[in-house]
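Remember, it's a predicted structure, so these values are computed and weren't measured experimentally.
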Amino acid sequence: MTTFHPLKTTLPKPAKFTDPFHYEPHPLCLLAAREVQSHIEGDSRLRADANGGKMFGVLVVTDEDGRLGYLAAFSGLLAGTNNHEFFVPPVFDATRPDGYFKTHEAEITAVNRHIAGLLDSEPYRKAVAEREACRRANADEEAAYRLAMAEAKARRDARRQSPQPVTPEEEAAMVRESQFQKAELRRIRQRAAERLTAAAEAADGIEAEVKALKELRKAMSDDLQRWLFSQYSMLNARGESRSLVSIFAETPQRVPPAGAGDCCAPKLLQHAYKNRLRPVCMAEFWWGRSPEGEVRHHLHFYPACRGKCLPILGHMLQGLDVETGSAEGGVSQPLAIVYEDEWLAVVNKPAGMKSVPGRQSADSVAEEMSRRAPEGRKAIPVHRLDMDTSGLLVVAYGMDVYKELQAQFAARTVKKRYVALLDGTVNRPPRGEISIPLRPDPMDRPYQKVDYANGKAAVTEYQIVGTKGNVTRVALFPLTGRTHQLRLHCAHADGLGAPIIGDRLYGHGQGRLCLHAEAITFTHPVTKRKMTFERKAEFFQQTSSQ
C-alpha cells in the first residue's frame with residue numbers, strides 16, 4: 001500500500017488518540033509532518049499549488065502486523081486533482097469525467113449557459129430597452145400633467161382669494177375642472193399601464209423563462225448535492241457506517257455544507273479504517289499563503305474545522321480512546337478582587353477562567369462573583385474577556401447597574417488598555433490605528449474572519465512599547481469590542497502582522513496567551529465618580545527592553 005509510509009523511530013506512542021479540535025502535535029506527528037513537507041518541497045507541481053494555501057494532515061497508524069507508519073492527506077484538490085499516489089484517496093471521487101456527478105454537473109452547466117445566453121441576447125437587450133423607454137415616457141407624461149394640474153389649482157386658489165367674490169357658476173366650474181383633472185390623471189395612469197404591459201411583454205417573457213430555469217437549476221443542484229453526500233459513507237472504529245446526509249440531518253443546518261468529507265481528518269480516518277490500520281495520533285498543518293480574510297501561518301498546526309468536520313468526526317471517532325480536549329483548561333491563579341462596593345466589583349481575571357458560564361464545567365467570573373454578590377442581587381460581567389486573556393473585568397451587582405455601565409460601553413466612554421507580547425517584529429509606525437472589519441466564521445467557530453464587504457467595524461489604536469529579540473511589546477486600545485478583535489488585529493497582515501504569543505487560534509499556540517487587560521477607566525453609575533484601575537501583567541514586565 002503506497003499510502004502507508006513506515007516510520008522508523010523509537011519515539012513512544014501516545015496513550016490516547018488525538019482530540020482533533022484541541023491538541024499539541026505529538027512527536028510522532030511532527031516526524032511524519034516533516035516527511036510530508038519534504039515530499040511537497042521536492043515536487044515542483046505540488047509545491048506551486050500548495051504555495052497558494054493548503055491544509056495537509058498526517059495520521060500515525062499501526063498496521064495488522066504492528067508496524068508503525070503514517071498516512072498523509074490534503075483538503076480538497078491539490079494541483080487540480082484529488083488523487084496523488086503519496087496521499088490517501090478521497091472518500092468518494094466525484095471528479096471522474098464519465099461519472100454520475102460530472103455528467104449531471106454538465107447538465108447544470110448547460111442550464112447556466114442557457115440562462116447566460118438569454119440574458120446576453122440581442123432580443124432581450126432590445127426588449128429591456130423598449131420597456132425602460134416606455135417607463136420613462138409614461139413618467140414624463142404624468143409629470144407634465146401633474147404640473148398642469150398644479151398650475152390650474154394655483155389659478156383657482158388665486159381666484160378664490162381675489163377681492164372680487166366668486167359667483168356660484170364660477171365655483172361650480174372650478175370644482176368640475178378639478179374633478180375632471182383628477183379623473184384624467186387616473187385615465188393617463190391606466191393608459192400608461194396598458195402601454196407598459198404591451199412594451200414589457202417580450203422582456204417579461206424572457207425573464208419568466210430565466211426564473212423557471214433558475215428554479216430548475218436549483219432543484220438539479222440540490223438533487224445532485226444530496227446524491228453526492230449520500231455516496232460519502234463514513235466509517236468509525238467500530239466498523240459502523242453512516243452517510244453524510246444521515247450525519248448532518250442531526251445538526252442545526254440539516255444538510256452537509258459544500259466540501260464536507262473532503263477535509264484531511266475524515267479522509268485519513270476513512271482510509272485507515274478501510275485498510276485495517278489502527279489510528280495512533282493525528283495532526284494538521286498549513287502550507288503556503290494565508291487565505292484572504294483568515295490567519296494561517298506556513299507550517300503551523302491547526303485543529304480540525306468545526307463547521308464541516310465536527311459532526312463527521314463525532315461519528316468517525318467512536319470506538320477510539322480519545323484525549324480529553326484542553327479548550328476548557330484549568331485556572332492556575334485565583335480570581336483577585338481589585339475593588340468592590342455594594343453596586344459593582346472590578347476583578348483581575350486569571351488566564352484560563354471564563355467570563356461567563358460555558359458548556360463545560362469550568363468555573364467562571366460570573367459564577368464566582370455571584371457567590372459574593374449582596375443578597376438578592378446577581379453578579380453580571382459588564383463586558384467579557386476571552387478565557388485565555390487575563391486582566392481587569394467589571395462586574396455589576398444587579399441589572400440596573402449593569403444597564404448603566406453597558407450604556408457607557410455603548411457610548412465608548414469606557415477607556416481600556418491591553419498589553420500583549422507579539423511573536424515577531426512589527427513593520428508599522430510606533431503609534432497608529434488598525435481598522436479591519438470582522439465577522440464570525442460560521443463554518444469554523446469560534447474563529448473570526450476579516451470581511452471588508454460585510455464585516456462589522458473593528459478599530460484598535462496601538463503603541464509599540466519596545467522589542468527584545470523577536471518579541472514585540474505593544475499596548476492596545478480597542479475602540480470597539482468585537483470578538484477576538486485584538487488577536488486578529490495583531491495577527492493579520494493588514495494589522496500588525498505578528499500574532500500574540502500563545503494564541504492557539506491565530507498564532508502558534510505554545511504556552512499561555514500573552515494578552516492582558518491592564519487598565520480600565522469608567523464612571524461609577526451611582527456615585528458618578530470617575531474610576532481608573534490598573535494591574536500589570538508579569539509576562540509584560542519580564543520582557544522589558546534592555
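For the pair His484/Leu438, no side-chain contact is recorded, criterion being any heavy-atom separation below 4.5 Å from C-beta on. Under the 4.5 Å side-chain criterion, counting only non-hydrogen atoms from C-beta, Leu68 is in contact with Leu28. His104 is not listed as a side-chain neighbour of Met220, based on a closest heavy-atom distance of 4.5 Å or more. A heavy-atom distance below 4.5 Å is not found between the side chains of Met443 and Cys305. Between Phe539 and Arg512, the closest side-chain pair of non-hydrogen atoms falls below 4.5 Å.
In Glu107, the CD atom is crowded: over 12 heavy atoms of neighbouring residues, nucleotides or ligands sit closer than 6.0 Å. Heavy-atom contacts from other residues, nucleotides or ligands closer than 6.0 Å to CG of Asn427 number 12 or fewer.
Taking the ring axis of Tyr447 as reference, the NZ or CZ atom of Arg296 stays within 45° of it and closer than 6.0 Å to the ring centre. For the pair Arg428 and Tyr462, the NZ or CZ position fails the cation-pi test of under 6.0 Å to the six-membered ring centre and within 45 degrees of the ring normal.
Aromatic rings from Phe92 and Phe229 are positioned such that their centres are separated by 6.0 Å or more. Close placement of the His298 and Trp287 rings is indicated, their centers lying within 6.0 Å of each other.
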Please list, one pair per line, the donor and acceptor atoms closer than 3.5 Å that link side chains of residues 238-246 to other protein atoms, with sequence neighbours excluded.
| unit_1 | atom_1 | unit_2 | atom_2 | d |
| --- | --- | --- | --- | --- |
| Arg238 | NH1 | Gln318 | OE1 | 3.2 |
| Glu240 | OE1 | Asn236 | ND2 | 2.9 |
| Ser241 | OG | Ser233 | OG | 2.3 |
| Arg242 | NE | Ser246 | OG | 3.2 |
| Arg242 | NH2 | Ser246 | O | 3.0 |
| Arg242 | NH2 | Ser246 | OG | 3.0 |
| Arg242 | NH2 | Glu250 | OE2 | 3.0 |
| Ser243 | OG | Val245 | N | 3.4 |
| Ser243 | OG | Ser246 | N | 3.1 |

Less than 3.5 Å apart, which donor and acceptor atoms pair up between the side chains of residues 56-67 and the rest of the protein, not counting sequence neighbours?
| unit_1 | atom_1 | unit_2 | atom_2 | d |
| --- | --- | --- | --- | --- |
| Asp63 | OD1 | Asp65 | N | 2.9 |
| Asp63 | OD1 | Gly66 | N | 3.0 |
| Asp63 | OD1 | Arg67 | N | 2.8 |
| Asp63 | OD2 | Arg67 | NE | 2.7 |
| Asp63 | OD2 | Arg67 | NH2 | 3.0 |

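The CG atom of Leu77 sits 8.0 Å away from atom NE2 of His84, with the distance rounded to the nearest 0.5 Å. Here the CG-OG1 distance, from Asp503 to Thr389, works out to 8.5 Å after rounding to the nearest 0.5 Å.
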